[in-house]
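Below is one structure, written out as structure tokens; the observations come after it.
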Number of protein chains: 2
Amino acid sequence: MNVKEIAKAMKKDAPQLASTQVEERNKALEMIKASLEEHKEDIFKANKEDLKYADENGVTPAVKKRLKFDENKLHDVIAGIDQLISLNDPLHKILLKRELDQDLVLTRISVPIGVIGVIFEARPDALVQISTLCIKSGNCAILKGGKETANTNKALFTLIKEAAIKAGLPENCLAQAEAHSEIDELLKCEKDVDLLIPRGSNAFVQYIMNNTKIPVMGHADGICHIYVDKDYDINKLVPIIIDAKTQYTAACNAVETILVNRSVAKEVLPVLNAAFEDNGVKMRGTEEVNDIISVEIMDDFHTEYLDLVVSIKLVDDVKEAIEHINFYGSHHTDAIITENEATAKEFMAMVDSAGVYWNVSTRFADGFRYGFGAEVGISTSKLHARGPVGLEGLITYKYQLVGKGQIVADYASGASSFHFKDL
Amino acid sequence: MNVKEIAKAMKKDAPQLASTQVEERNKALEMIKASLEEHKEDIFKANKEDLKYADENGVTPAVKKRLKFDENKLHDVIAGIDQLISLNDPLHKILLKRELDQDLVLTRISVPIGVIGVIFEARPDALVQISTLCIKSGNCAILKGGKETANTNKALFTLIKEAAIKAGLPENCLAQAEAHSEIDELLKCEKDVDLLIPRGSNAFVQYIMNNTKIPVMGHADGICHIYVDKDYDINKLVPIIIDAKTQYTAACNAVETILVNRSVAKEVLPVLNAAFEDNGVKMRGTEEVNDIISVEIMDDFHTEYLDLVVSIKLVDDVKEAIEHINFYGSHHTDAIITENEATAKEFMAMVDSAGVYWNVSTRFADGFRYGFGAEVGISTSKLHARGPVGLEGLITYKYQLVGKGQIVADYASGASSFHFKDL
């Protein structure tokens, strides 16, 4: 079957998966867990092929670490599945129950989104996390992982799908797209795919967003800011900023721009200068910044470096910082360093981002760190799910209305009237 | 200011409106109410100009009824504002509060979406409902109403905006677009407008969806179905179907297709035939239907008539009905007529629509009838809001994280660990 046919078959099976009880979905997760453990040597063997290919193509140790799937990674994904099993069922929850009139009852219940397409980077653990999150939330999923771990993905996917079907889930609950060309096919399945979650580079996510009619959840940019207020604590300053910039530079929640209150610039900038130099971070900034410490002069704050480079700018006060962030930012995660509660509260209220932090590194923006278990991605959209997206972001609701033959004409004429009583 | 400039100014003012307390927003609603009452003669006068123009252009009585804004309509919108004032604040609600680690607290709070563009049909009461819903939910709004009520809209908008600003809301909380050409300008404001809500014809909504990068909430099609099961109650059959088809044919929740269980077709179709003929409804159907009653033969079920026309098809059972609805439907509102609880439950679980009804007319799909007060529209999307959209559909959330200088490196190294305690 090609992607279009797979999506059509999934759409047909989706209501069946949506109707399953949590016991059935948890049973599938248990069987997936058991199968991964039982066949772990096959997975490790497949992973060795991917790593060999990576070596031949000279990938960096950092990338290799991500590609690797060993006993430790297996342990982590198994722990993740255990956590997922322990979570409450997100489906069939009664979100509202209201008697509109006698014998006329409206219920809003949680249901899965339906058919989801997830395109993710070369990380075998991501395949396990995403597929199990979709199973727990009752969503059918088409998965396309990075080609650098094609062998590992295939081994993992085959085990997961077999176990899910053995556990009684519908035939088309999961599918894997392997060729890059299948992404473009997937983008055209707006009739059958309800949601796309692309993860990866800014350009890649932009490409997806611009080339499909399917709703897209995720983020392209991650231009995160830290504002150093005049009431900053010197002991928090360097640890937070160095963590946010260097702990994982390629992450979307790494900081790109530091805004410093002009009144404390002369004391803050030299401290930052020393810390950035110690950590190999290249500094760019406005002329004003260059008057105090030596930086590459620039005046464009739209760049997401994802590298050991940082932009620095001075601002008058928290108001100017908020304006800068709301204008140049990507509404992802932004932090303030201050000991002044009123200033912090103003910042957190007025900055229009999914995450607004006070005296904390921006790197905390992550589903695991928020206690959501795994995440399918981070959303900078303001509709549906915002910030790290776990189980909750994978469900929607429907309204059920049960009556005894009521018609609207009687309510329009005044013969009947609503009494709206929440049950 | 042109629309682009208005949107930019609104985006800047949006955090200020988002930070207002409910008392301030309710005060604005009170002042709007008072102003509409005080200046009602000016509004009625403006409306007379619109009605005169409508008469000159020979609009139908049904349309004229919608354009009219008189003492009765004023009474209704005032009652709507009163209801809105009485509703709880949808903002600043703590949706989650979790201690991630000692002195590291994550809070999810409800916030407005930001800047919303609403394009709606020529109905002056809609302008009042939409603008007051946006104020209560703390959203800035650009409103574009139908040109047939341009004079009434202008009079209403001027009073509403003046009162809102007098009450202390930010200068750019509301704006009105008057020229049709401004819609295309609005579609290009993806940097500053967070959400578009278009109401109107299928073609118009499709046009909006296909020509903007701004998220769109609403529906294009409303292809609603009623399935007559073999266990139907003859007393409910005709009232429900006639109400769903004829009570307001132009509504998106009017029924377009009747699916009849084949085993009862010979008794059901003649009854429907008589009822449809009595009500001037033209019948179209498959050859099989035509063998029992005389219909125009057809076999395409993708059409939304919005008129006194109905499609009829026979199906084997509830399963085939579900498949037909999920394939041909628009995921709006679909109903089953049956006395069999198991069949009804299967239908309501498996039909993938915003509204799934049992023994009730599809015409009940409406914000007022669900007890939401006014509605900004009905969404057939599965993301964010689904079905009739009131206050709740106009908010999102943000995550606030408050710490004492924590950094991710300590959690990555194992020096610190999360304990996730919900507060």
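In the text below, chain A, chain B and the rest are named by the order of the sequence lines, each starting its count at 1.
With sequence neighbours excluded, the residues forming a side chain to side chain contact (heavy atoms under 4.5 Å, CB included) with A/Val105 are A/Lys97, A/Glu99, A/Thr107, A/Leu423, listed by chain and number. Take B/Tyr232 and apply the ring-ring contact (aromatic ring centres under 6.0 Å, His included) test, not counting sequence neighbours, and it matches no residue.
Interface check for chain B: of the options A/Lys213, A/His92, A/Met209, A/Lys404, the most heavy-atom pairs under 4.5 Å are formed by A/Lys404. Of the listed residues A/Ile240, A/Thr396, A/Leu401, the one with more heavy-atom pairs under 4.5 angstrom with chain B than any other is A/Leu401. By number of non-hydrogen pairs under 4.5 angstrom with chain A, the leading residue of B/Lys236, B/Met348, B/Lys398, B/Gln247 is B/Lys398. Residue with the most contacts toward chain B among A/Gln16, A/Glu339, A/Lys8, A/Arg108: A/Arg108 (heavy-atom pairs, distance under 4.5 Å). Between chain B and the residues A/Ala354, A/Ala412, A/Gly393, the largest count of heavy-atom pairs under 4.5 Å involves A/Ala354.
The stretch residues 352-364 of chain A participates, sequence neighbours left out, in these salt bridge (Lys or Arg N to Asp or Glu O under 4.0 Å) pairs: A/Asp352-A/Lys382, A/Asp352-A/Arg386, A/Asp352-B/Lys11.
Inter-residue side-chain proximity for A/Val389 and A/Glu375 is flagged as unmet; no heavy-atom pair is nearer than 4.5 Å. Side-chain contact between A/Gln406 and A/Tyr411 is present, with at least one heavy-atom pair separated by less than 4.5 Å. The closest side-chain heavy-atom distance from B/Lys245 to B/Asn279 is not below 4.5 Å. Looking only at side-chain heavy atoms (C-beta outward), A/Glu346 and A/Lys319 come within less than 4.5 Å of each other. B/Met10 is not listed as a side-chain neighbour of B/Val193, based on a closest heavy-atom distance of 4.5 Å or more.
Using a 4.5 Å cut-off between heavy atoms, B/Leu100 contacts chain A through its side chain alone, with no backbone atom that close. Interface remark: B/Phe347 contributes no atoms to any contact with chain A (heavy atom separation under 4.5 Å). For chain B, the nearby parts of A/Ile113 are the backbone and the side chain; heavy atoms of each come within less than 4.5 Å. Contact of B/Tyr399 with chain A is made through backbone and side chain together, with heavy-atom distances under 4.5 Å. For B/Ile109, no part sits under 4.5 Å from any heavy atom of chain A, backbone or side chain. Residue contact with chain A, scored on non-hydrogen atoms closer than 4.5 Å, is absent for B/Ala365. A/Ile242 does not touch chain B: none of its heavy atoms, backbone or side chain, sits under 4.5 Å away. Contact annotation for A/Arg369: both backbone and side-chain heavy atoms come within less than 4.5 Å of a heavy atom of chain B. Neither the backbone nor the side chain of B/Asn235 comes within less than 4.5 Å of any heavy atom of chain A. Proximity to chain B (any heavy atom under 4.5 Å) is shown, for A/Gln400, by both the backbone and the side chain. Contacts of B/Leu383 with chain A are made by both backbone and side-chain atoms, with heavy-atom separations under 4.5 Å. With a 4.5 Å cut-off on non-hydrogen atoms, A/Ser353 touches chain B through its backbone but not through its side chain. Using a 4.5 Å cut-off between heavy atoms, A/Asp101 makes no contact with chain B at all. Heavy atoms closer than 4.5 Å to chain B are found in both the backbone and the side chain of A/Ile407. Neither the backbone nor the side chain of B/Thr246 comes within contact range of chain A; no heavy atom of the residue lies under 4.5 Å from a heavy atom of that chain. At a 4.5 Å heavy-atom cutoff, the contact between B/Leu195 and chain A is made by side-chain atoms alone. Residue B/Val111 touches chain A through its side chain alone, counting heavy-atom pairs closer than 4.5 Å.
Checked against the 6.0 Å centroid criterion, the rings of B/Phe364 and B/Tyr357 do not qualify as a close aromatic pair.
Listed in order of number, the residues of residues 322-337 of chain B that approach chain A to under 4.5 Å between heavy atoms are B/Glu323, B/Asn326, B/Phe327.
Between A/Phe418 and B/Phe368, the ring planes are perpendicular. Angles over 60° get that label, and only those under 30° would be called parallel.
Applying the 6.0 Å contact sphere to CD of B/Glu190 captures more than 12 heavy atoms from other residues, nucleotides or ligands.
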